[in-house]
**Q** 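Questions regarding the structure given below will be posed in turn.
In what follows, every chain begins at residue 1, and chains take the letters A, B, ... in the order their sequences are listed.
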Amino acid sequence: MGAKPFTNPRGTRDLLGENLVLIKHLERTASMVAAVAGYQEVRTPLFEETRLFKRSLGEASDVVEKEMFSVPRRGSEGAEAMAKGFTFRPEGTASTARAYVQGGFAASAPLQKWFYIGPMFRYERPQKGRERQFNQFGVEAFGAQSASLDSEVVGIAVRFFQELGFDDQLEVRVNSMGDAEDREKWSQVLREFFAEQMQGSSERCADCQSRYTRNVFRLLDCKSTRCIELNEGAPNLFAVMGDAAASHHQQFIACLNNLGLKVIDDPSIVRGLDYYTRTVFEVHYPPLGARSALCGGGRYDGLVEEMGGRPTPGVGFSVGFTPTELALAELNLPAAADLADLRQQLLPQVYGVAVSDEQRDDLFILCEKLRRAGISVELDYRGKSLKAQFKEANRSGARWAIVLGDSENENKQIVLKNMQQKTEQIIAQDDLLAALKDA
RNA sequence: GUGGGUAUAGCUCAGUUGGUUAGAGCACCAGAUUGUGAUUCUGGGUGUCGGGGGUUCAAGUCCCCUUACUCACCCCA
């Protein structure tokens, strides 16, 4: 052995075999539910200008403050190089909004419904259900402010989980962040309300103390029991919310009810990213307990303008595959039948066996012929004995073995063996392809 | 960034109050009257005991440092 072996970077995985089967199933399920709702796939670059994320997510968001995978721009030095540099996308909404603006859709075709599936990157300490590179499925709809669009987006998220086998305990928790002006007002009254709790002898936890200045809204979803008590009587956003946002929220809930979804008003849902306005929601599966949150999203009516485009409303969500995989494992999902075809693709249909070394070349030629006809064929490359080749054939999961011996080869024939039924027949080599296709 | 746990074969793990040549199961490789899969049988250990230092006659075992993994917090998908 040479040098120390390399290992994958922290928070990443090599996907192969059974894990890859599951990921592929998630991907196809995602694109199916998005496509039937009329959403088009979009593939944006894996990295963008760092400025893009700072602008869209907010300088003070945790993602921007400490979770960005950034690289400096060449030709510049120090802080300027980082400021002008690039960042591996930590989420998908900013990129799609950028693509929307750049593509000139606001003028040509303002209503755009897009989805994406792909890797995202966050530079944080990995733990259960969290990775530095993870796959995400997301949906973004630009150009309409109708509450029915909000509910359509929620419906896609729910459908995704239903297709994966989650039952009707799935629920949608909703809240509203109001419009920008509403949030400004609300943040002021919240600061006033919590001001006395921030005094020296406060019972408030240390985290809340720092949240007070960074993002007051977060005090509301603190999990500390004492803090929850102290949140009693805190001003409600709906008290200061404008009529437009308030009625949008009511319509949104009405639409969800029309879709037959289980809806729960949850004022503690406060998204961490700056761009959310009005609708925010999470899809939960309560049997999962502490990890019941499967997906989050909401409306971002100011984002496109923030990206330099015309004022354009938008709404979307994203699902991380990592927590989804965790949830599926806990629930013994998906059903084996859902994965059967993907698993089948990993197996060869035919395994080629050479009785002795003299037949190996001819066998290889025959196998290649089958492959060119679209039949997957595996065979031995390591000079294994006949017995060992059959062992391999058995282990490979191939339904058929083709066995080439001296006597058959002389007569341009070959043995076709059904591995399950253990039956064999000798057929002409020219008839092999037809025989396999018939079977 | 902060805290806890773990680290022995490809995998899952044993390894006693420190004591001879470090083990098991699974997996893997080869063979069991020369043209056939399971089971069985036989043979094969594939290892820098994460790395470095220390204590000791003696360290996988005790101490220190370090790295990696993992879980939790923060936050989030």
**Q** Stacking between A:Phe321 and the base of B:A77 (centre distance under 5.5 Å, interplanar angle under 30°)?
**A** no

**Q** Rounding to an integer number of Å, can you tell me how far A:Arg125 CZ sits from B:C74 C1'?
**A** 12 Å

**Q** Between B:U6 and B:C13, how many Å separate the two C1' atoms, rounded to a whole number?
**A** 13 Å

**Q** Quick check: on RNA chain B, is the nucleotide nearest A:Gly11 upstream (toward 5') of the one nearest A:Asp62, or the reverse? Name the residue that is more 5'.
**A** A:Gly11

**Q** Just to confirm, is there a sub-4.0 Å distance from OP1 or OP2 of B:C71 to any side-chain nitrogen or oxygen of A:Gln127?
**A** no

**Q** Side chains of A:Gln197 and A:Tyr212: any donor to acceptor distance under 3.5 Å?
**A** no

**Q** With rounding to whole Å, what would you report as the distance between B:U46 and B:C57 at their P atoms?
**A** 33 Å

**Q** Side chain of A:Thr322 only, please: which of B:A77, B:G35, B:A72 is the nearest?
**A**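 Nearest to the side-chain atoms of A:Thr322, counting from C-beta on, is B:A77.
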
**Q** For the side chain of A:Gln389 and the base of B:U36, is some donor closer than 3.5 Å to an acceptor across the two?
**A** no

**Q** Of the nucleotides B:A68, B:G37, B:G31, which one has an atom closest to the side chain of A:Arg10?
**A** B:A68

**Q** Taking the six-membered ring where the residue is Trp, are the ring centres of A:Phe161 and A:Tyr285 under 6.0 Å apart?
**A** no

**Q** Considering only heavy atoms from C-beta outward, does the side chain of A:Val101 approach that of A:Val304 to under 4.5 Å?
**A** yes

**Q** Give the rounded distance in Å between these two atoms: OH of A:Tyr123 and P of B:G1.
**A**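 My rounded result for the distance is 8 Å.
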
**Q** Among B:C69, B:C71, B:A30, find the nucleotide with the atom closest to the side chain of A:Lys384.
**A** B:A30

**Q** In whole angstrom, give me the gap between the C1' atoms of B:A22 and B:C64.
**A**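 Those two atoms are separated by 25 Å.
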
**Q** Can you tell me whether the side chain of A:Ser407 and the base of B:G35 have a donor-acceptor pair closer than 3.5 Å?
**A** yes

**Q** Is the distance from OP1 or OP2 of B:C28 to the nearest side-chain N or O of A:Arg395 less than 4.0 Å?
**A** yes

**Q** Using the benzene-type ring in the case of Trp, are the ring centres of A:Phe88 and A:Phe121 under 6.0 Å apart?
**A** yes

**Q** Between B:U34 atom C1' and A:Gln359 atom CD, what is the distance in whole Å?
**A** 14 Å

**Q** Can you tell me, in whole Å, how much space there is between the P of B:C26 and that of B:G43?
**A**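 So the two P atoms sit 15 Å from each other.
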
**Q** What integer distance in Å separates A:Glu140:CD from B:A77:P?
**A**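 My rounded result for the distance is 12 Å.
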
**Q** Strictly below 4.0 Å: does A:Arg382 bring a side-chain N or O up to OP1 or OP2 of B:C28?
**A**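 A:Arg382 to B:C28 OP1/OP2: no side-chain N or O under 4.0 Å.
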
**Q** Decide whether A:Glu410 and A:Ser407 meet the rule of one side-chain donor and one side-chain acceptor closer than 3.5 Å.
**A**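 Absent: no donor and acceptor within the cut-off.
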
**Q** A:Lys422 has a side chain; which of B:C76, B:U36, B:G37 sits nearest to it?
**A** B:G37

**Q** Taking only the side-chain nitrogens and oxygens of A:Lys387, find out if one of them lies under 4.0 Å from OP1 or OP2 of B:G37.
**A**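 The answer is yes; a side-chain N or O of A:Lys387 sits under 4.0 Å from OP1 or OP2.
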
**Q** Is B:C11 paired to anything, Watson-Crick or G-U wobble with both distances less than 3.5 Å, and if yes, which nucleotide?
**A**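 Partner of B:C11: B:G25.
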
**Q** Could you verify whether a donor N or O on one side chain and an acceptor N or O on the other, from A:Glu48 and A:Ser95, lie under 3.5 Å apart?
**A** yes

**Q** Taking any strand in view, what nucleotide pairs with B:U36 in a Watson-Crick or G-U wobble way, both distances under 3.5 Å?
**A** none

**Q** Compare the minimum distances between each of B:G35, B:C75, B:G37 and the side chain of A:Met419, then state the nucleotide with the smallest one.
**A**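 From the listed options, B:G37 comes nearest.
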
**Q** At under 4.0 Å between heavy atoms, what does A:Arg132 touch on the DNA or RNA strands: base, sugar-phosphate, or nothing?
**A** nothing

**Q** Regarding B:A77, can its base be found pairing with the side chain of A:Glu124 as donor and acceptor, where the two atoms are less than 3.5 Å apart?
**A**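 It does, because a donor-acceptor pair links the side chain of A:Glu124 to the base of B:A77 below 3.5 Å.
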
**Q** Determine the contact category for A:Glu65: base if any of its heavy atoms lies under 4.0 Å from a base atom, sugar-phosphate if only primed atoms, P, OP1 or OP2 are that close, otherwise nothing.
**A**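 No contact.
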
**Q** Does any donor atom in the side chain of A:Glu163 or A:Thr29 lie under 3.5 Å from an acceptor atom in the other side chain?
**A** no

**Q** Is there side-chain contact between A:Asp301 and A:Arg278, with at least one heavy-atom pair below 4.5 Å?
**A**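 Yes - at least one pair of side-chain heavy atoms lies under 4.5 Å apart.
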
**Q** So which nucleotide does B:G3 pair with, by the Watson-Crick or G-U wobble rule with both distances under 3.5 Å?
**A**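 When the pairing criteria are applied, B:C71 turns out to be the nucleotide that pairs with B:G3.
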
**Q** Rounding to the closest angstrom, what is the interatomic distance between B:G3 and B:A9 at atom P?
**A**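 It works out to 29 Å between them.
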
**Q** Would you mind classifying the nucleic acid contact of A:Glu91 as base, sugar-phosphate or nothing, using non-hydrogen atoms under 4.0 angstrom?
**A** nothing

**Q** For B:C29 and A:Lys391 - does any side-chain N or O of the residue sit under 4.0 Å from the phosphate oxygens OP1/OP2?
**A** no

**Q** Is there a donor and acceptor pair closer than 3.5 Å between the side chain of A:Lys417 and the base of B:G37?
**A** yes

**Q** Do the side-chain N and O atoms of A:Asp167 and A:Gln169 include a donor-acceptor pair separated by under 3.5 angstrom?
**A**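 On atom types as modelled, these side chains qualify, holding a pair under 3.5 Å.
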
**Q** A:Arg122 side chain: which of B:C76, B:C71, B:C75 is closest?
**A**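 So the side chain of A:Arg122 is nearest to B:C76.
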
**Q** Return yes if the base of B:C75 and the side-chain atoms of A:Arg130 contain a donor-acceptor N/O pair under 3.5 Å, otherwise no.
**A**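 Under the 3.5 Å cut-off, the side chain and the base do form a donor-acceptor pair.
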
**Q** What nucleotide, of B:C71, B:U36, B:C74, holds the atom closest to the side chain of A:Lys66?
**A** B:C74

**Q** Atom CZ of A:Phe217 to atom P of B:C76: distance rounded to whole Å?
**A** 13 Å

**Q** What interatomic distance, in whole Å, is found between C1' of B:A32 and the corresponding atom of B:A38?
**A**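 Straight-line distance between the two C1' atoms is 16 Å.
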
**Q** Can a donor-acceptor pair under 3.5 Å be found between the side-chain atoms of A:Gln420 and the base atoms of B:G37?
**A**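 Donor-acceptor pair under 3.5 Å: no.
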
**Q** B:U12 and B:G19: how far apart are their P atoms, nearest whole angstrom?
**A**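 Looking at atom P only, B:U12 and B:G19 are 26 Å apart.
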
**Q** What's the gap between B:C29 and B:A72 when it is taken at their C1' atoms, as a whole Å value?
**A** 43 Å

**Q** If you only use heavy atoms from C-beta on, which nucleotide in B:U70, B:C75, B:G35 is closest to the side chain of A:Val403?
**A** B:G35

**Q** Hey, which of these two, A:Phe134 or A:Glu408, hits RNA chain B nearer its 5' end, going by closest nucleotide?
**A** A:Glu408

